[in-house]
Amino acid sequence: MWCPKCKNEYIDGITTCVDCGCDLVAELPEEIDETAPQLLGSVVHEDVGNKLIRFLKFSGVQTCGLIPLEDADGEGFHIAVSFAEAERARAILNELSADGEADGADLEKLEPALDAQLEEIKEEEANELLSDLRTETSTVYVNKRDKYTDLKFTAYSFISFSILGYLFVIANAAGILSIFSTFSTAILAIVFTIFLGIGISSFRKAGTIKGLVSEEERVVEKVKEYIEEHFTDEYLASLGDEELSEEEEFLHVSEQLKAEIAQQFPLFNKGYIEQLVDDKYGEFCDRRTE
């Protein structure tokens, strides 16, 4: 018999832990490593896996990715997410299944329903993709806490402005103010309704990201600890190539470091990896030239 809290083992006949006061159990529940990727199931073809990843991200699951199968006879990929989003991701996949329960051993059965869903959201997904591309080409990676703060600010600003706008429209329609015609007042009402919609949409997006803030910060801390422990000056110097120019060597070493982190943390954002590696290796290069 085992105590589920302190994990102490007891002989048969004892039913309560003397230290914790908990009821003993015959077997301890399987411990889950919350820092490791959680596997939702597998697919054979990479294109089907990419469709599932695209759909999960569109549905608000931000930390999903593909991990190649390591079985000797296995071909294909695992669909993996972070521990914090595993339950939500499983629920989304179950909704795609005809019987309400997705078969993790063969997620390719979901492809027909998946294609139908992706077709419905194609236009919205394209708009979101364009927005992401504009952001990535103009700025560095924005962490989730800053993004959450920005979305909340946008939501409060648009909702507050729309409320003030409605009050202005009502006052104008009631004759308290006589600034705009009836037609112009109707146009303003539509504009402020759009502003209200933007505000509500921003609140929803902020709510989706809120639960990921602490998760990302926890993973970032682990990545930084890995970088500090493994990316020593000696190790960074060993990756260099004297035959390359300074610029070529920087790119050459940076790519090796990014690949190493991506292998250790397969679900970590690639944009954030680039930012951390550039900062770390840049500091090393500065010290080397001093």
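All residue numbers refer to positions in the sequence shown, counting from 1.
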Exercise. Any side-chain heavy atom of F231 sitting closer than 4.5 Å to one from I261?
Worked result: yes
Seminar exercise, completed: Closest non-hydrogen contact found for L24 with C17 is CD2-N, 3.7 Å
Problem set entry | Flag side-chain contact, heavy atom, 4.5 Å: L39 against I79 | no
Exercise. Is it true that a side-chain atom of H230 and a backbone atom of Y226 form a donor plus acceptor pair closer than 3.5 Å?
Worked result: yes
Seminar exercise, completed: Distance col, row I14:CD1 vs E9:CD, nearest 0.5 angstrom, shows 11.0 Å
For this session: Specify the closest pair of heavy atoms between F203 and A155, including all atoms of both residues, with the distance to one decimal.
Result: CD1-CB, 3.6 Å
Exercise. Do any N or O atoms from the side chain of N94 and from the backbone of R90 form a donor-acceptor pair under 3.5 angstrom?
Worked result: yes
Exercise. So does E246 have more than 12 non-hydrogen atoms from other groups sitting under 6.0 Å from CD?
Worked result: no
Exercise. Can S202 and T154 be counted as having a side-chain donor-acceptor contact under 3.5 angstrom?
Worked result: no
Exercise. Going from CG on L69 to CZ on F77, what distance comes out if it is rounded to the nearest 0.5 angstrom?
Worked result: 8.0 Å
Exercise. Do any N or O atoms from the side chain of S162 and from the backbone of I159 form a donor-acceptor pair under 3.5 angstrom?
Worked result: yes
For this session: Answer yes if the ring centres of F158 and F161 are under 6.0 angstrom apart, and no otherwise.
Result: no
Problem set entry | Residue E87 excluded, over 12 heavy atoms near CD under 6.0 Å | no
Exercise. Do I194 and F168 belong to the same hydrophobic cluster, where Ile, Leu, Val, Met, Phe, Trp and Tyr are linked whenever their side-chain heavy atoms lie under 4.5 Å apart, directly or via other members?
Worked result: yes
Exercise. Counting only heavy atoms not in K258, do more than 12 sit closer than 6.0 Å to its NZ atom?
Worked result: yes
Exercise. Taking only residues two or more places apart in sequence or in another chain, which ones pass side chain to side chain donor-acceptor pair (under 3.5 Å) with D19?
Worked result: N8
Exercise. Rounded to the nearest 0.5 Å, how far does CD1 of I198 lie from OG of S157?
Worked result: 11.5 Å
Exercise. Atom OG in S160, atom CG in L196: separation rounded to 0.5 Å?
Worked result: 10.5 Å
Problem set entry | Any side-chain heavy-atom pair of F55 and I92 under 4.5 Å | yes
For this session: Kindly say whether V81 contributes a backbone atom to a donor-acceptor pair with the side chain of Q38 at under 3.5 angstrom?
Result: no
Exercise. Hey, are the side chains of Y235 and L257 touching, using non-hydrogen atoms and a 4.5 Å cut-off?
Worked result: yes
For this session: Using the rule that two of Ile, Leu, Val, Met, Phe, Trp, Tyr join whenever any of their side-chain heavy atoms come within less than 4.5 Å, decide whether I163 and V191 are in one cluster.
Result: yes
Exercise. Does V220 belong to the same Ile/Leu/Val/Met/Phe/Trp/Tyr cluster as V277, with side-chain heavy atoms less than 4.5 Å apart forming each link?
Worked result: yes
Exercise. Less than 4.5 Å apart, any side-chain heavy atom of L96 and any of L107?
Worked result: no
For this session: Would you check if Y166 and T193 make a side-chain contact, meaning some heavy-atom pair closer than 4.5 Å?
Result: yes
For this session: Would you mind reporting whether L56 and L93 have side-chain heavy atoms less than 4.5 Å apart?
Result: yes
Exercise. Is there side-chain contact between D278 and F250, with at least one heavy-atom pair below 4.5 Å?
Worked result: yes
For this session: Name the orientation class of the two ring planes belonging to F284 and Y281 (parallel below 30°, tilted from 30 to 60°, perpendicular beyond 60°).
Result: parallel
Exercise. Applying side chain to side chain donor-acceptor pair (under 3.5 Å), which residue pairs with at least one partner in residues 105-115 are found, sequence neighbours left out?
Worked result: H45-E108, K51-E111, K51-D115
Exercise. Would a hydrophobic clustering, with Ile, Leu, Val, Met, Phe, Trp and Tyr connected at side-chain separations under 4.5 Å, put L167 with I176?
Worked result: no
Seminar exercise, completed: P68 and H78 have their tightest heavy-atom pair at O-CD2, 4.4 Å
Exercise. What distance separates D279 CG from E274 CD, expressed to the nearest 0.5 Å?
Worked result: 11.5 Å
Exercise. Closest heavy-atom contact between K152 and A206?
Worked result: CG-CB, 4.0 Å
For this session: Locate the shortest heavy-atom distance separating I53 from G65; write the atom from each residue and the value.
Result: CD1-N, 3.6 Å
For this session: Kindly compute the distance separating NZ (K280) from NZ (K224), expressed to the nearest 0.5 Å.
Result: 11.5 Å
Exercise. Hey, does the side chain of E85 reach the backbone of S82 with a donor-acceptor pair shorter than 3.5 angstrom?
Worked result: no
Problem set entry | For E249 against G240, the heavy-atom pair lying closest together | OE2-CA, 3.1 Å
Exercise. If two hydrophobic side chains count as joined below 4.5 Å and joins carry through other members, does I170 share a cluster with L188?
Worked result: no
